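First up is the structure itself, then whatever we jot down about it.
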Number of protein chains: 2
Amino acid sequence: MNDDTQWLSPREQHSWRAFIRLNQKLFARLGSELQTQSKLSGADFAILVALTDDPSGRLRFQELAKAIDFEQSRLSHQIARMIKRGLVAREECAEDGRGAFVTITDQGRETIEAAAPKHVAAVRRLVLDAIPPEELDALGDIAARILKHLDETAP
Amino acid sequence: MNDDTQWLSPREQHSWRAFIRLNQKLFARLGSELQTQSKLSGADFAILVALTDDPSGRLRFQELAKAIDFEQSRLSHQIARMIKRGLVAREECAEDGRGAFVTITDQGRETIEAAAPKHVAAVRRLVLDAIPPEELDALGDIAARILKHLDETAP
DNA sequence: TCGCAATAGATGATGTGTCAATAATCGAGT
DNA sequence: ACTCGATTATTGACACATCATCTATTGCGA
């Protein structure tokens with residue numbers, strides 16, 4: 001192994017591993033609470049929130065995909081499953097014969113309205129209660145910084 | 001909706017959403033680079049690293065599961081797939097008739113030794129280059145704090 | 001208006017994660 | 001020595017993600 005590799009320093013490694021581990025545990029935990037309390041996956045939740053955020057309660061596939069950062073195909077499968085469960089519906093698009101809207105159903109609305117408070121409570125209990133507001137701000141700043149960098153180093 | 005819910009303040013929401021989004025994007029990106037450069041999933045990588053970390057290159061399922069924070073069943077499926085690809089092997093355990101070891105194969109070793117430098121480079125390029133060392137430390141501290149809280153609030 | 005690249009979305013194959021149920025073995029207490 | 005609960009790992013079913021491929025439509029330029 002032609003070793004000009006810049007391995008992580010112990011300090012770097014320590015922080016990086018903590019970060020990785022946090023992500024695995026935290027999102028596993030949040031996902032599992034969502035699942036047992038509200039029968040929703042994280043993806044379900046994100047989609048229902050995005051649809052609720054829009055005044056008309058409906059979005060084109062592309063818009064929705066962009067809003068929650070899903071790939072086209074992932075979204076297509078996801079929506080197919082959600083239609084089967086009655087959470088959303090497909091609606092043909094008049095102006096563009098190829099396109100379609102995704103709309104939230106009444107059942108979808110009820111579901112998200114019941115789920116959201118529980119989810120917020122979980123976030124508060126698991127994360128916000130663990131760190132003071134300044135640190136949350138710091139976390140947000142760092143996240144935003146890395147995100148920006150990621151977008152600049154676009155694939 | 002009986003609303004005594006403590007919704008997130010705009011400030012909280014801002015930080016929290018950035019954090020979520022970071023996780024989705026960053027790990028998707030790292031995973032996809034790992035996949036295309038080294039034909040490994042994040043799980044494959046974690047397992048090979050854990051096995052390499054151990055001097056004997058072999059671990060009991062339980063130890064391995066604990067080391068990388070996998071559930072039993074997930075690990076079992078994962079190892080089954082990796083055996084099929086020749087990256088690891090199963091070895092019966094003499095002292096405990098129930099148990100088994102997972103050992104890294106030569107091919108597994110070659111694979112991880114080729115993959116690791118590329119992965120480290122990706123972490124450096126995508127993350128460490130985006131933030132100064134103090135912020136990485138801060139990130140590590142916050143992550144550790146939340147992790148500790150998560151373990152205390154055990155499920 | 002014809003031709004064709006680009007766009008919108010669907011689909012099937014495959015790999016991955018989770019849950020519930022199962023089977024084998026261990027070990028502590030009787 | 002026996003029994004029974006705990007531990008160790010596997011399995012099958014299903015939800016989810018990704019990739020490559022496919023179809024239909026649009027819209028642009030010759």
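Owing to the predicted nature of the structure, the values given are computational and were not obtained by experimental measurement. Chain letters run A, B, ... following the sequence lines, proteins first and then strands; every chain starts at 1.
- At whole-Å resolution of the value, CZ in A:R90 and P in C:dG9 are 8 Å apart.
- The distance from atom CD of B:Q35 to atom C1' of C:dG15 is 9 Å, rounded to the nearest whole Å.
- A tilted orientation is assigned to the rings of B:F45 and B:H119, their planes being inclined by 30° to 60°.
- Nucleic acid contact class of B:E71 (heavy atoms, under 4.0 Å, all strands): sugar-phosphate only.
- Using a 4.0 Å heavy-atom criterion, one finds that B:S41 contacts the sugar-phosphate atoms exclusively.
- A donor N or O paired with an acceptor N or O is found under 3.5 Å between the base of C:dG12 and the side-chain atoms of A:H77.
- Put simply, B:R74 has no side-chain N or O that comes within less than 4.0 Å of OP1 or OP2 on C:dC19.
- In this entry the distance linking CG of B:D44 with C1' of C:dT16 reads 10 Å, nearest Å.
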Close N or O pairs between protein and nucleotides 5-7 of chain C (under 3.5 Å):
unit_1, atom_1, unit_2, atom_2, d
C:dT7, O2, A:R98, NH1, 2.8

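- Atom CD1 in B:I68 sits roughly 13 Å away from atom P in C:dT16 (whole-Å rounding).
- Bounding nucleotides for the chain A contact on DNA chain D, 5' to 3', at a heavy-atom distance below 4.0 Å, are D:dC16 to D:dT26.
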Enumerate all atom pairs, one protein N or O and one N or O from nucleotides 20-22 of chain C, separated by less than 3.5 Å.
none

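- Contacts of B:Q78 with the nucleic acid, taken as non-hydrogen atoms under 4.0 Å apart, involve only primed sugar atoms and P, OP1 or OP2.
- Note: CD (A:E92) to P (C:dA8) measures 15 Å, nearest angstrom.
- Here the C1' atom of nucleotide C:dG15 and the NZ atom of B:K84 are 10 Å apart, to the nearest Å.
- At C:dT14, none of the side-chain N or O atoms of B:R81 fall inside 4.0 Å of OP1 or OP2 (strictly under the cut-off).
- When each of A:R125, A:K39, A:K118 is tested with A:E33 by the rule salt bridge (Lys or Arg N to Asp or Glu O under 4.0 Å), just one qualifies, namely A:R125.
- Here A:Q72 does not reach the OP1 or OP2 of C:dA10: none of its side-chain N or O atoms lies under 4.0 Å away.
- Atom CE in B:M82 sits about 14 Å away from atom P in C:dG15, given to the nearest Å.
- Between A:R124 and A:D129, none of the side-chain N atoms (NZ, or NE/NH1/NH2) sits under 4.0 Å from a carboxylate O, so this pair counts as no salt bridge.
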